[in-house]
Amino acid sequence: MASLDEVCEGISQIVPLLKRYKNRLDADDFVHDRMSGNGPVVDNLINNLSRQFPEAGRIYWSVRGWSLLVWQPVYVTILAANIWNTHIELASMGQRVRGTIVAGFYLPEHDVTIGCASDPLHSGAQTINNLVTKIYDKYSMLLGIPRKLAFSIASDITLDALMTAGYAGSMELMVRLPDLGQKWLHAAKLKTRARLVHNQGNNGLHIEPARNACCQAFRCSGGQLCESCPRRKKSM
């Protein structure tokens, strides 16, 4: 069975921004076990986004801020479950916040449950649902994001994390991704139209997302719609 250090090191090799810090983070960082005390951190994040991207408007700042706060716990959970068959308890997770970037996390050794869970998908999906719900319930007003949009974005991030796991894992995992995607979304209670689809191209099997929400990045100066953006279909 892999240790916490081994799993976190493996995760950071797949996604370098997901670096684990063993020392407690600063007061300016987003810490899960003080969920009620993160208001200044969230407020500062939105203010920094508004200063860096003034032209994008409130909808972009809200969507980007929300995405930044949920992406790390989702990725850590998905990668641990699908590559290491492991569940990591993230109740004491802290997220490193610097300006408009949320990258790197704190995870104390003694507060973490790690092991070959009998059902890592169900355990991981419950963790995702709990954290997404708690972050939304506490900070949706500060973020200014509707629940339906927030959970749609969380479902897209979940599928993005699964694609990352697929490309880092085995071909067997890659083939199963569309079915796994629906199982994860259902178990995490992120019921949207988002899904993963196979695309057999000239270079072999690829996975593409059918997203449910727009990240709003096109509103930034020089931005444009992503290739998988649902707005593309609406404009056709």
Donor-acceptor pair, side chain of [X] and main chain of [Y], under 3.5 angstrom:
{"X": "Trp71", "Y": "Val102", "result": "yes"}
{"X": "Asp33", "Y": "Ser92", "result": "no"}
{"X": "Ser62", "Y": "Ile145", "result": "no"}
{"X": "Trp61", "Y": "Ile46", "result": "no"}
{"X": "Ser155", "Y": "Ser152", "result": "yes"}

Supply the atom-to-atom distance [X] [atom1] to [Y] [atom2], rounded to the nearest 0.5 angstrom.
{"X": "Glu55", "Y": "Ser50", "atom1": "CD", "atom2": "OG", "answer": "11.0 Å"}
{"X": "Phe105", "Y": "Gln95", "atom1": "CZ", "atom2": "CD", "answer": "9.5 Å"}
{"X": "Lys138", "Y": "Asn38", "atom1": "NZ", "atom2": "CG", "answer": "10.0 Å"}
{"X": "Phe218", "Y": "Cys229", "atom1": "CZ", "atom2": "SG", "answer": "7.5 Å"}
{"X": "Leu90", "Y": "Gln72", "atom1": "CG", "atom2": "CD", "answer": "10.5 Å"}
{"X": "Met174", "Y": "Met163", "atom1": "CE", "atom2": "CE", "answer": "9.5 Å"}

- Taking NZ, NE, NH1 and NH2 as the nitrogens, is one of them in Arg20 or Asp5 under 4.0 Å from a carboxylate oxygen of the other?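 Salt bridge between Arg20 and Asp5, a charged N being under 4.0 Å from a carboxylate O: yes.
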- Task: Indicate yes or no: does Arg34 engage Asp29 in a salt bridge with an N to O separation below 4.0 Å.
- Result: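 Asp29 and Arg34: not salt-bridged.
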- For a side chain to side chain contact (heavy atoms under 4.5 Å, CB included) with Thr77, tell me which candidate from Ile88, Thr158, Ile128 qualifies.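 Going through the options one by one, the only one that passes is Ile128.
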- Answer yes if the side chains of Gln52 and Thr100 hold a donor-acceptor pair under 3.5 Å, and no otherwise. yes
- Derivation of the side chain to side chain contact (heavy atoms under 4.5 Å, CB included) call for Asn82 and Trp184: CA-CA 11 Å; Asn82 288 280; Trp184 272 93; 3.6 Å; yes
- Message: Quick check: closest heavy atoms across Ile83 and Ala168, and the distance to 0.1 Å?
- Response: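 Looking at all heavy atoms of both residues, the closest pair is CD1-CB, 3.9 Å.
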- Query: So, for Tyr75 and Thr164, which heavy atoms are closest and what is the spacing to 0.1 Å?
  - Reply: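 Residues Tyr75 and Thr164, closest heavy atoms: CE2-OG1, 3.6 Å.
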- Crowding at CD1, Ile59 (>12 non-hydrogen neighbours, <6.0 Å): yes
- Message: Can you confirm whether or not the ring centre of Tyr60 sits under 6.0 Å from the ring centre of Phe53?
- Response: yes
